[in-house]
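All remarks here apply to the structure that follows.
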Amino acid sequence: MNHPQDIKVSIVVPIYNSALYLEQCIRSLMMQTHQNIEYLFVDDASSDGSVDMLRSLLEKYPSRKEHCRIFENDSNKGVAFGRRLCMKNATGDYLIHVDSDDYIDDTFIEKMLGKALDTGSDVVICNFANVYEKKIKVNPSERVVDRSEIIKRLLIGTVHNALWNKLVKRSIIADNEIYPDDCFRIFEDKSVSFRMVYFANKIEYIDEPLYYYRKRENSLSHVNQRVLMPMLKAIMKLVDDFFTAHPSDETIDSGIKAFKVGVSASLLIYKPEDEDLKTLLKEMPLSAIKTNSYIPFYYKIALFAKKLGMSWIVTLIRNIIDFHSGYSSSEKTKSTIA
């Protein structure tokens with residue numbers, strides 16, 4: 001077996017207006033105990049001087065700087081474009097992502113790669129900590145290494161879809177063309193993670209918070225849910241197309257069904273006139289709603305009410321959700337959603 005330091009790891013770092021947090025991120029990247037690292041940064045037309053700050057920070061680490069590549073988009077193209085650009089240009093034996101507003105433990109790559117090499121795993125997943133303004137909280141353990149079970153949990157959302165806590169053998173990505181499409185302005189990680197795990201021969205887990213995920217209120221993950229519906233539908237189509245072309249098993253199939261119940265509930269609340277929703281509801285037995293333990297209770301009530309012809313309950317739930325989320329009447333007027 002090759003010495004671990006002979007193994008190159010590519011780290012993909014998409015950047016967009018991250019100047020406030022970039023120094024902590026870059027410092028953690030440069031201080032890795034593993035030496036054989038290729039860094040691929042892509043600046044998505046930041047307007048806060050992030051790319052200039054990046055270049056300045058790299059000057060402090062001359063031995064690392066020569067292993068850094070910086071791509072600059074001439075206009076904002078979205079995180080999926082940036083990830084794909086870097087993933088296709090990576091040359092490492094293994095690949096992982098780090099977001100520019102987060103930071104990592106100094107031993108992050110060493111421990112992830114060590115686990116991969118010691119166990120012969122194609123994918124290694126680690127635990128992480130959520131970083132809030134005034135506290136850091138370790139994520140509950142997601143220890144599961146069965147391939148089908150992980151895919152199921154990725155689909156229903158009980159295992160985090162993030163690419164930043166998953167080290168993957170790069171040949172899996174390249175050989176199977178597992179890249180996010182530009183249509184995913186968000187959820188681009190969900191479009192990659194289940195396929196990445198599907199082609200892995202073995203998956204391992206490190207129950208240690210090696211990644212520090214910053215919870216920001218103004219991040220893409222906090223946008224109005226209505227904006228997410230086209231991308232959620234795109235993920236559903238990707239899942240359908242993928243498992244039409246690739247064999248699944250009972251565990252994966254149960255995950256797909258549960259995922260579709262969740263998509264149906266989201267569409268019912270946020271895009272009730274969607275044509276795909278009508279088909280989904282028509283094909284969905286009440287038992288599929290009853291046995292689904294992965295969606296909020298009010299989603300279940302809304303689905304049951306719709307199936308039983310009590311649309312007024314759905315409207316009430318929708319209005320309550322809009323009220324608590326601050327979705328105003330003026331926004332409703334502008335919305336194309338009925």
Side-chain angles (χ1 to χ4, degrees), residues 151-161 181 183-191 193-194 215 217-244 251-338:
I151 291 172
K152 174 183 177 179
R153 296 190 187 195
L154 286 169
L155 291 176
I156 62 180
T158 56
V159 164
H160 206 301
N161 277 272
D181 189 270
C183 72
F184 298 113
R185 300 293 289 191
I186 196 171
F187 294 149
E188 87 291 339
D189 48 2
K190 196 177 185 76
S191 76
S193 59
F194 78 89
K215 304 283 279 188
E217 289 301 320
N218 61 342
S219 68
L220 279 174
S221 58
H222 289 84
V223 300
N224 185 278
Q225 292 293 316
R226 285 167 172 79
V227 178
L228 307 182
M229 292 304 103
M231 288 166 277
L232 193 58
K233 285 181 59 178
I235 290 288
M236 185 174 66
K237 184 179 187 306
L238 178 65
V239 170
D240 273 342
D241 291 347
F242 183 84
F243 287 109
T244 296
T251 300
I252 294 175
D253 289 342
S254 67
I256 295 171
K257 291 177 182 176
F259 171 58
K260 287 187 174 181
V261 171
V263 173
S264 301
S266 294
L267 289 172
L268 180 59
I269 298 298
Y270 300 109
K271 198 176 180 183
E273 300 305 319
D274 189 274
E275 288 298 321
D276 289 329
L277 171 62
K278 297 176 182 178
T279 302
L280 286 167
L281 289 174
K282 184 177 180 180
E283 297 175 349
M284 184 186 302
L286 288 173
S287 59
I289 306 171
K290 182 179 180 181
T291 58
N292 192 303
S293 59
Y294 311 110
I295 60 174
F297 180 70
Y298 59 84
Y299 270 19
K300 278 191 174 186
I301 297 299
L303 286 171
F304 272 123
K306 183 66 176 179
K307 291 283 285 185
L308 297 175
M310 294 183 286
S311 295
W312 66 270
I313 295 179
V314 180
T315 300
L316 177 62
I317 293 173
R318 185 181 300 122
N319 288 337
I320 292 172
I321 291 173
D322 284 345
F323 175 78
H324 283 285
S325 66
Y327 187 63
S328 66
S329 57
S330 61
E331 287 176 304
K332 290 181 182 180
T333 303
K334 296 176 185 177
S335 176
T336 59
I337 300 166

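As the structure is a computational prediction, the values presented were derived from the model and not from experiment.
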Taking salt bridge (charged side-chain N to carboxylate O under 4.0 Å, His left out) as the test, write out the residues that go with [X], two or more places apart.
{"X": "E275", "answer": "K278"}
{"X": "K260", "answer": "D240"}
{"X": "D274", "answer": "K233, K271"}

To check you understand the geometry: which heavy-atom pair defines the closest contact between [X] and [Y], and what is its length?
{"X": "C183", "Y": "M231", "result": "O-CG, 3.4 Å"}
{"X": "K190", "Y": "G157", "result": "NZ-N, 4.4 Å"}
{"X": "I289", "Y": "M284", "result": "CG1-SD, 3.5 Å"}
{"X": "A305", "Y": "V314", "result": "CB-CG2, 4.0 Å"}
{"X": "P272", "Y": "L277", "result": "O-CD2, 3.6 Å"}
{"X": "F243", "Y": "I256", "result": "CD1-CD1, 3.6 Å"}

Any [X] side-chain heavy atom under 4.5 Å of [Y] side chain:
{"X": "T315", "Y": "R318", "result": "yes"}
{"X": "F194", "Y": "I252", "result": "no"}
{"X": "Y298", "Y": "I320", "result": "no"}
{"X": "L280", "Y": "M236", "result": "yes"}
{"X": "R226", "Y": "D322", "result": "yes"}

Across all chains, not counting sequence neighbours, the side-chain hydrogen bond (donor to acceptor under 3.5 Å, both in side chains) partners of N161 are S193
Who pairs with F304 by ring-ring contact (aromatic ring centres under 6.0 Å, His included), at least two apart in sequence or on another chain? none
With sequence neighbours left out, which residue pairs that include part of residues 282-311 fulfil the salt bridge (Lys or Arg N to Asp or Glu O under 4.0 Å) condition? none
Could you give the distance from [atom1] ([X]) to [atom2] ([Y]), rounded to the nearest 0.5 Å?
{"X": "E188", "Y": "D181", "atom1": "CD", "atom2": "CG", "answer": "11.5 Å"}
{"X": "Y294", "Y": "I156", "atom1": "OH", "atom2": "CD1", "answer": "4.0 Å"}
{"X": "L267", "Y": "E273", "atom1": "CG", "atom2": "CD", "answer": "11.5 Å"}
{"X": "F184", "Y": "L232", "atom1": "CZ", "atom2": "CG", "answer": "10.0 Å"}

Decide side chain to side chain contact (heavy atoms under 4.5 Å, CB included) for Y299 and V261; before the verdict, give the C-alpha distance in whole Å, the side-chain angles of both, and the deciding distance to 0.1 Å. CA-CA 9 Å; Y299 270 19; V261 171; over 6 Å; no
What verdict does the side chain to side chain contact (heavy atoms under 4.5 Å, CB included) test give for L303 and L281, after you've listed the backbone C-alpha separation in whole Å, the side-chain angles of each residue and the deciding distance to 0.1 Å? CA-CA 8 Å; L303 286 171; L281 289 174; 3.8 Å; yes
